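Here is the naming used below: chain letters follow the sequence lines, and residue numbers restart at 1 for every chain. What you see is a predicted model; the values in this text were computed from it and never measured. Both backbone and side-chain heavy atoms feed into the values below; hydrogens, waters and symmetry mates do not.
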Protein chains: 2
Amino acid sequence: MTTETEAVMDGADLATFLTGKLCHDFISPAGAIASGLDLINDPSAQDMREEAMGLIATSSEKLIALISFARVAYGAATTAERFSADALQPLAESVFKGARASLDWQVETSEFAKPQARALLNLAQLTGAALPGGGTATVTAREQNGWLTLRGEADGPRARLKPEAAKGLAGERLTEGLAGQWIQSYWLWRTVTDHGGTLGFTVGENRVTLTARLPM
Amino acid sequence: MTTETEAVMDGADLATFLTGKLCHDFISPAGAIASGLDLINDPSAQDMREEAMGLIATSSEKLIALISFARVAYGAATTAERFSADALQPLAESVFKGARASLDWQVETSEFAKPQARALLNLAQLTGAALPGGGTATVTAREQNGWLTLRGEADGPRARLKPEAAKGLAGERLTEGLAGQWIQSYWLWRTVTDHGGTLGFTVGENRVTLTARLPM
């Protein structure tokens, strides 16, 4: 039997999972930059110079995009209190760059408070992550009667939620499987429910939907 | 009057502070890499090419060192359960690279469990941060009667603790000042006290000491 208290993750654990995820995300482009530099310094690989510079440039862009995304999606840039949809769109688009799925951004709401902005970015990325075979992640945001509804529709071949992601979206702690596949969906659930909202998802053939409702 | 419950930071807040700090730490070398690439692509700055490549190389090293440090200091690399002193030393040394203070690593204990390793790295970096005018950060670790004592001695001109750091080391929430100056010291306090230990500090002329005691 699991009590409510046990089910909610305590402060330090949540923080270590999240920072672990960030380090994992960031080390890949940072390592690629180092590999590019190694190539450039390798006298036997001088014909790869241009390729190496390209790798460094692409990885540097990717890294800066990841950090900028993370500041709002996890760290919620402590200085800004509100975020415009126009400022959030490029952050959401940046994590789709190089991915097989494309983002269809249908956000009508023009301004978001911090938790809502955080939820929107995580929902967008998780919708894209449900599309390993490519497809379209349609993200909508609508206000009605003081409530904000955020919706992510993943449409594409083999659209699916990994078991760890489904557990996280249901607010369940990870008992087995990979923490890296779980933490972001759990973080979305925490962000939404900590602010008085609800989170749901459906999985159908070639389609996954995520729906978050939050008070404005 | 502050109750115990109010004083302890909840999970999501702690996580956003920490990830915010990480993003802040990482964006500086990532931005320097991008600046280096801009210089290389600027036709009017071709005489700066070598300098630009040097900037990219140094920043890439710094970034990888920061991420490697953060994985253990915050994220506590979820796969490893124990850390050898030999594995922790280069991580601690890496954050002193380019700093005015130097690290004197006097660690006798050979192996650390996760929270102890996390405490040691944060204590080492915070000891160095107390030395804006340079000096020596001596870090010792000793086991006795089932307890581990970690000690950081900052000796140097103008050794001091910023008010935010002192607040964090005392386990107090930030009420004013810069979160970036506070979060790591609060995190050290949390790491130590969450695992049944105690944390103390003293500030004297040209000397700051941090002492953590944790059960093994």
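Per-residue heavy-atom pair counts under 4.5 Å with chain B were compared for Leu22(A), Thr191(A), Asn41(A), and the maximum is reached by Leu22(A). When each of Asp13(B), Leu63(B), Asp194(B) is checked for heavy-atom pairs under 4.5 Å with chain A, Leu63(B) comes out on top. Ranking Ala12(A), Ala34(A), Ser59(A) against chain B, the residue ahead of the rest is Ala12(A), based on heavy-atom pairs under 4.5 Å.
Between Thr127(B) and Gly152(B), the closest heavy-atom pair is OG1-CA, 3.4 Å.
Judged purely by atom type and a 3.5 angstrom limit, Gln116(B) uses its side chain to pair as donor or acceptor with the backbone of Pro215(B). In this structure, Asn122(A) contributes its side chain and Arg118(A) its backbone to a donor-acceptor pair below 3.5 Å.
Proximity to chain B (any heavy atom under 4.5 Å) is shown, for Ile67(A), by both the backbone and the side chain. If you measure heavy-atom distances from Ile27(B) to chain A, the contacts under 4.5 Å come from both the backbone and the side chain. Neither the backbone nor the side chain of Leu66(A) comes within contact range of chain B, judged by heavy atoms closer than 4.5 Å.
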Decide yes or no on salt bridge (Lys or Arg N to Asp or Glu O under 4.0 Å) for Arg49(B) and Glu51(B), but give the supporting numbers first. CA-CA 5 Å; Arg49(B) 248 192 110 85; Glu51(B) 205 173 319; over 6 Å; no

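Ring centers of Phe17(B) and Trp182(B): under 6.0 Å apart, within the cut-off.
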